[in-house]
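This report concerns only the one structure given below.
As the structure is a computational prediction, the values presented were derived from the model and not from experiment.
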Number of protein chains: 2
Amino acid sequence: MARKTREEAEQTRHLLLDTAERVFWEKGVAATSLADIAAAAGVTRGAIYWHFNNKLDLFTAICDRIMPELEEMESVLLDSRLSPAARLWQHASTLFALVRDNERLRRICGIHHLGCEQVGEMAPLLLEQISWTQEKQARLQQVLEDAASAGQLRDGIEPRLAALGLHSLYGGLCHTWMINPEDNTVHQYIHALISPYFVGIFRDSCWLAEPAAEH
Amino acid sequence: MARKTREEAEQTRHLLLDTAERVFWEKGVAATSLADIAAAAGVTRGAIYWHFNNKLDLFTAICDRIMPELEEMESVLLDSRLSPAARLWQHASTLFALVRDNERLRRICGIHHLGCEQVGEMAPLLLEQISWTQEKQARLQQVLEDAASAGQLRDGIEPRLAALGLHSLYGGLCHTWMINPEDNTVHQYIHALISPYFVGIFRDSCWLAEPAAEH
DNA sequence: TAATACATACATTCATGTACGTATGTAAAC
DNA sequence: GTTTACATACGTACATGAATGTATGTATTA
């Protein structure tokens, strides 16, 4: 009712983000009204409209919160201590471990796959996702090209298509996971699930043979 | 305005299904009102409520329309003239060719991946999809077990996980496709995109070696 | 004549956005 | 160290516009 200290206000903002994330995940974005979120957070819509412009703005803020984790994960692809193939293998492991360990990321993943429409009014969201996806795919492709230079690729493998395939496989596995979030099969057997694709792309088992770590 | 012949009424019903399918695909299911659909079809909501109970009922009817095609596609998995591995390969080709050639199927695929929420109010839809998915995955697994009996699998490949991986790969590729429906990369290079997984699952290239057709 | 295939009209419920109120924190003036 | 003035962080109330479902009208058609 009354003004709160800056710190408390920031706390309210985080509460709204956490609550909205959970309610979006449970009911879907379109099916959730700002009143729903406010009630679940124990505040009124006034608080929401103070911190955010509208529902899309709120949702965007939720998605932006996980960018650091995602970027950090991408850094694995640049680890020069590993061969290109080993980098990709490590990257996939890190990706799914992150989804398992980070509840926030898992929820957002679930919302994107099952809980929101990405056309029409939410189209800007999709556009952002497209550009982000393309960027991520380009990084995979870059690493695969490095692998090609290192002679790690099987004959006839095109880095561009292999990147697209890998990326689609990751997305599909995430989708399968999100349909039954409590079923940990995807993460538990992630190596068995993705290794066939690695077998098909790389020679021998070069993605497992890591050069000796330094020091 | 007035009553029409039974045939014309059936025509109206199909018009509504076609129109709703298109509008759902363009704007998303939740963002589309029944008034939108009626206007696009050149009728009033009265016509919709005559033929369907509500939006969910209409959407269900849309989805049910493609069941025959999907079931027909599954029959490839039972083609006893092919080896298990070859059946799976053929099945994948058929699947993506169908998505390319059948505009209706492609739209519904797009709606499911990008244009509708599958939680909350639409949860029954998800449940149906889950059971259908599990059934489909079980068929893949069955064929993979047949392949195991025929000695076509690489060492260490578990049919259940391979089925889950294949199914996820297909879903992920469809998702990638639907993000840019006009980009035919996924279909055009579908063999290059899925063959790595086949390489990783099966021995040699047994999925390409088809036993001679009969007669 | 009775059921059909809609169109029309109405009632109700939400969800949104905004305008306004209000009490407190915060910083500067003195 | 008060006091003053303003910004902040909401709560409240309202106005508006959908969207839905249903009830009813109506012209055919079987």
Side-chain angles (χ1 to χ4, degrees), chain A residues 1-20 22-24 26-62 115-117 119-125, chain B residues 1-20 22-24 26-62 115-117 119-125:
Chain A
M1 164 170 349
R3 191 197 169 192
K4 300 184 182 160
T5 173
R6 247 176 274 114
E7 196 178 342
E8 287 173 312
E10 199 60 22
Q11 222 173 336
T12 301
R13 185 186 146 88
H14 286 308
L15 170 67
L16 286 173
L17 287 170
D18 289 340
T19 307
R22 185 168 46 80
V23 181
F24 281 158
E26 290 167 355
K27 298 182 39 172
V29 175
T32 298
S33 72
L34 295 184
D36 292 334
I37 298 170
V43 297
T44 65
R45 290 188 303 123
I48 297 180
Y49 277 105
W50 172 254
H51 288 284
F52 309 95
N53 294 324
N54 48 42
K55 193 158 82 171
L56 184 59
D57 186 37
L58 171 57
F59 186 59
T60 304
I62 290 177
C116 80
E117 301 183 352
V119 289
E121 195 182 356
M122 304 287 275
L125 189 88
Chain B
M1 165 171 347
R3 191 195 168 196
K4 300 184 182 161
T5 174
R6 246 178 274 115
E7 196 179 340
E8 287 173 313
E10 199 60 21
Q11 224 174 335
T12 301
R13 185 187 146 89
H14 286 307
L15 171 67
L16 286 173
L17 287 169
D18 289 339
T19 307
R22 185 168 47 80
V23 181
F24 281 156
E26 290 166 355
K27 298 180 42 172
V29 175
T32 297
S33 72
L34 294 184
D36 292 335
I37 297 170
V43 296
T44 65
R45 288 189 306 124
I48 297 180
Y49 276 105
W50 173 257
H51 288 283
F52 309 96
N53 293 323
N54 48 43
K55 192 158 82 171
L56 185 59
D57 186 38
L58 170 58
F59 186 59
T60 304
I62 290 176
C116 80
E117 301 184 350
V119 289
E121 196 181 357
M122 304 286 275
L125 188 88

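Only B:Arg45, B:Tyr49, listed by number, bring a heavy atom of residues 41-49 of chain B to less than 4.0 angstrom from any atom of DNA chain D.
As rounded to whole Å, 14 Å separates atom C1' of D:dT20 from atom CG of B:Leu58. B:Gln11 places its CD atom 20 Å from the P atom of C:dT4, with the value rounded to the nearest Å. Atom CD in A:Glu7 sits about 13 Å away from atom C1' in C:dG25, given to the nearest Å. Taking atom CG of residue A:Leu34 and atom P of nucleotide C:dA15, one finds them 10 Å apart after rounding to whole Å. A:Asp36 has its CG atom 8 Å from the P atom of C:dT16, to the nearest Å. Atom CZ of A:Phe52 and atom C1' of D:dA9 are 13 Å apart (whole Å). Rounded to whole angstrom, the span from the CD1 atom of B:Ile37 across to the C1' atom of D:dT20 amounts to 13 Å. Rounding to whole angstrom units, CG of residue A:Asn53 and P of C:dT16 are separated by 14 Å.
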Could you pull out every donor-acceptor pair under 3.5 Å between side chains of residues 29-51 of chain B and any protein atom, sequence neighbours left out?
| residue | atom | partner | partner atom | Å |
| --- | --- | --- | --- | --- |
| B:Thr32 | OG1 | B:Gly28 | O | 2.7 |
| B:Ser33 | OG | B:Ala35 | N | 3.4 |
| B:Ser33 | OG | B:Asp36 | N | 3.1 |
| B:Ser33 | OG | B:Asp36 | OD1 | 3.4 |
| B:Ser33 | OG | B:Asp36 | OD2 | 3.2 |
| B:Asp36 | OD2 | B:Lys27 | NZ | 2.9 |
| B:Asp36 | OD2 | B:Ser33 | N | 3.0 |
| B:Thr44 | OG1 | B:Gly46 | N | 3.3 |

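Shown here for B:Glu117 and A:Glu117, the closest heavy-atom pair between the two residues is CG-CG, 3.9 Å. Residues B:Gly115 and A:Val119 come closest through the heavy atom pair CA-CG2, 4.0 Å. Of all heavy-atom pairs spanning A:Pro124 and A:Gly120, the tightest one is CD-O, 4.3 Å.
Contact annotation: B:His51 does not reach the phosphate of C:dA5 (side-chain N/O to OP1 or OP2, under 4.0 Å). At the phosphate of D:dA9, neither OP1 nor OP2 sits under 4.0 Å from any side-chain N or O atom of A:Thr12. The side chain of A:Trp50 contributes no N or O atom lying less than 4.0 Å from OP1 or OP2 of D:dC10.
Using a 4.5 Å heavy-atom cutoff, the side chains of A:Leu17 and A:Phe52 are in contact. Residues B:Leu56 and B:Met122 meet the side-chain proximity criterion, which asks for heavy atoms closer than 4.5 Å.
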Begin with the C-alpha distance, continue with both residues' side-chain angles, and end with the deciding distance and a verdict on side chain to side chain contact (heavy atoms under 4.5 Å, CB included) for A:Asp57 and A:Asn54.
CA-CA 5 Å; A:Asp57 186 37; A:Asn54 48 42; 3.4 Å; yes

